[in-house]
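Here's the structure we're looking at; comments come further down.
One-based numbering along the sequence shown.
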Amino acid sequence: MNHIENTLRITRKQYRKFAEMTKSVGCALNLSTPARIGARSEIDKKCWGSYSPWALLVCKDVTNPDTQWHERALITLSSTINIAEFRAAERPELDKSHLMDDELYSYIVWHEIGHRMDNFDAFELMRMENIKARDQCHKYMWLVNEVLADRYAWMKLRPNEPMPLSERGRQMQKKIAEAIKYMDVHLPRNNSIVRPLQSGQYNDVPEYMLTTPARAAFLGSKVCRQLIERTAAIHRKYAERGSRPLY
């Protein structure tokens with residue numbers, strides 16, 4: 001991990017390690033920037049990671065010019081973290097001051113995996129017939145899912161330590177408990193079957209990681225040059241049309 005002027009920069013070794021973690025829960029790992037990730041969020045503009053259940057293009061084998069593609073969910077991770085900004089962004093419950101600098105990237109990855117593995121299901125929310133309960137669950141959804149994802153991440157990082165609470169978190173314990181209890185009654189948690197992606201640094205890679213040689217370098221030296229050139233050309237067309245890919 002590069003640590004320069006209060007900024008963490010993800011290394012290629014870290015990316016490959018984290019990609020194996022996300023692929024184990026069925027999500028390809030993408031890299032982006034805090035600004036682009038925040039621009040996609042309707043609630044939190046200070047973001048260093050995101051989970052998208054929407055199916056996006058994933059390359060099965062980036063060493064093969066005639067590779068196949070399929071569509072899978074993505075976890076997106078910021079390539080940089082401004083440590084001061086990250087620590088200033090308050091969580092609903094977790095006291096982030098207890099996280100060491102060298103744990104920040106792992107925390108974000110586990111947090112996004114937590115959104116995949118232990119959250120209430122937004123698709124089920126849209127299908128609820130009880131309008132009153134649906135509206136209440138909608139009010140609780142962001143808070144509860146963020147709390148659950150933080151708890152999941154802490155459990156993975158520090159399995160033998162209770163999660164430290166901020167002053168706000170201590171004040172909100174009753175509200176959080178009531179919200180989780182209400183949602184447990186009215187809305188199922190995400191219980192979809194996990195279909196792991198193929199392990200290996202060149203397998204099951206998001207299309208966006210092939211749009212420039214610099215991004216492809218995170219994957220390794222064996223990435224097919226033709227794939228990079230073709231994918232870059234497609235994304236140049238997006239730019240010419242004034243559209244943007246969802247990353």
Look up atom [atom1] in [X] and atom [atom2] in [Y], then write down how far apart they are to the nearest 0.5 Å.
X      : Y      : atom1 : atom2 : result
Asn82  : Thr7   : CG    : OG1   : 5.0 Å
Leu74  : Leu29  : CG    : CG    : 8.5 Å
Cys224 : Arg230 : SG    : CZ    : 6.5 Å
Leu57  : Tyr208 : CG    : OH    : 14.5 Å
Arg215 : Leu210 : CZ    : CG    : 10.0 Å
Asn190 : His115 : CG    : NE2   : 12.0 Å

Please say yes or no: joined through hydrophobic side-chain contacts below 4.5 Å, possibly via intermediate residues, are [X] and [Y] part of one cluster?
X      : Y      : value
Met117 : Leu197 : no
Ile113 : Leu77  : yes
Trp142 : Val147 : yes
Tyr51  : Ile81  : yes

- Query: Leu219 and Gln201: side chain to side chain contact (heavy atoms under 4.5 Å, CB included), yes or no, with the steps?
  - Reply: CA-CA 6 Å; Leu219 310 174; Gln201 69 193 77; 5.9 Å; no
So, [X] side chain and [Y] main chain: donor-acceptor pair closer than 3.5 Å or not?
X      : Y      : value
Tyr202 : Lys222 : yes
Arg116 : Gly26  : no
Lys96  : Leu104 : no
Ser24  : Met21  : yes
Asp121 : Pro188 : no
Asn119 : Asn145 : yes
Arg72  : Ala28  : no
Asn203 : Ser199 : yes
Thr22  : Ala19  : yes
Ser79  : Ser32  : yes

Crowding at [atom1], [X] (>12 non-hydrogen neighbours, <6.0 Å):
X      : atom1 : answer
Arg170 : CZ    : yes
Glu20  : CD    : yes
Met100 : CE    : no
Glu167 : CD    : yes

field: Check against side chain to side chain contact (heavy atoms under 4.5 Å, CB included), Val62 and Thr67
entry: CA-CA 7 Å; Val62 299; Thr67 185; over 6 Å; no
Are side-chain heavy atoms of [X] and [Y] found at a separation under 4.5 Å?
X      : Y      : value
Leu56  : Asn30  : no
Met155 : Trp110 : no
Ile10  : Phe18  : yes
Met163 : Leu94  : yes
Met209 : Val223 : no
His138 : Met141 : no
Glu161 : Trp154 : yes
Leu157 : Ser106 : yes

Would Arg87 and Asp101 pass as an ion pair if we require N to O under 4.0 Å?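 The answer is yes: the pair qualifies as a salt bridge.
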Review point. Does a side-chain N-to-carboxylate-O contact under 4.0 Å join Asp150 and Arg91?
Key: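 The answer is yes: the pair qualifies as a salt bridge.
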Give the minimum heavy-atom separation between [X] and [Y], together with the two atoms involved.
X     : Y      : value
Ile37 : Ser50  : CG2-CB, 4.0 Å
Pro34 : Ser78  : CD-OG, 3.0 Å
Pro92 : Leu143 : CB-CD1, 3.6 Å

(message) Could you work out, with side chain to side chain contact (heavy atoms under 4.5 Å, CB included) as the rule, every residue matching Arg12, not counting sequence neighbours?
(response)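 With sequence neighbours excluded, Arg12 shows a side chain to side chain contact (heavy atoms under 4.5 Å, CB included) to Arg16, Ala217, Phe218, given in chain and number order.
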Side chain to side chain contact (heavy atoms under 4.5 Å, CB included) evaluation trace for Met172 with Glu93:
CA-CA 7 Å; Met172 291 186 63; Glu93 182 182 54; over 6 Å; no
Quick one: side chains of residues 175-187, donor-acceptor pairs under 3.5 Å with protein atoms, not counting sequence neighbours, listed by atom name and distance.
from: Asp184; atom 1: OD1; to: Arg189; atom 2: NE; distance (Å): 3.3
from: Asp184; atom 1: OD2; to: Arg189; atom 2: NH2; distance (Å): 3.4

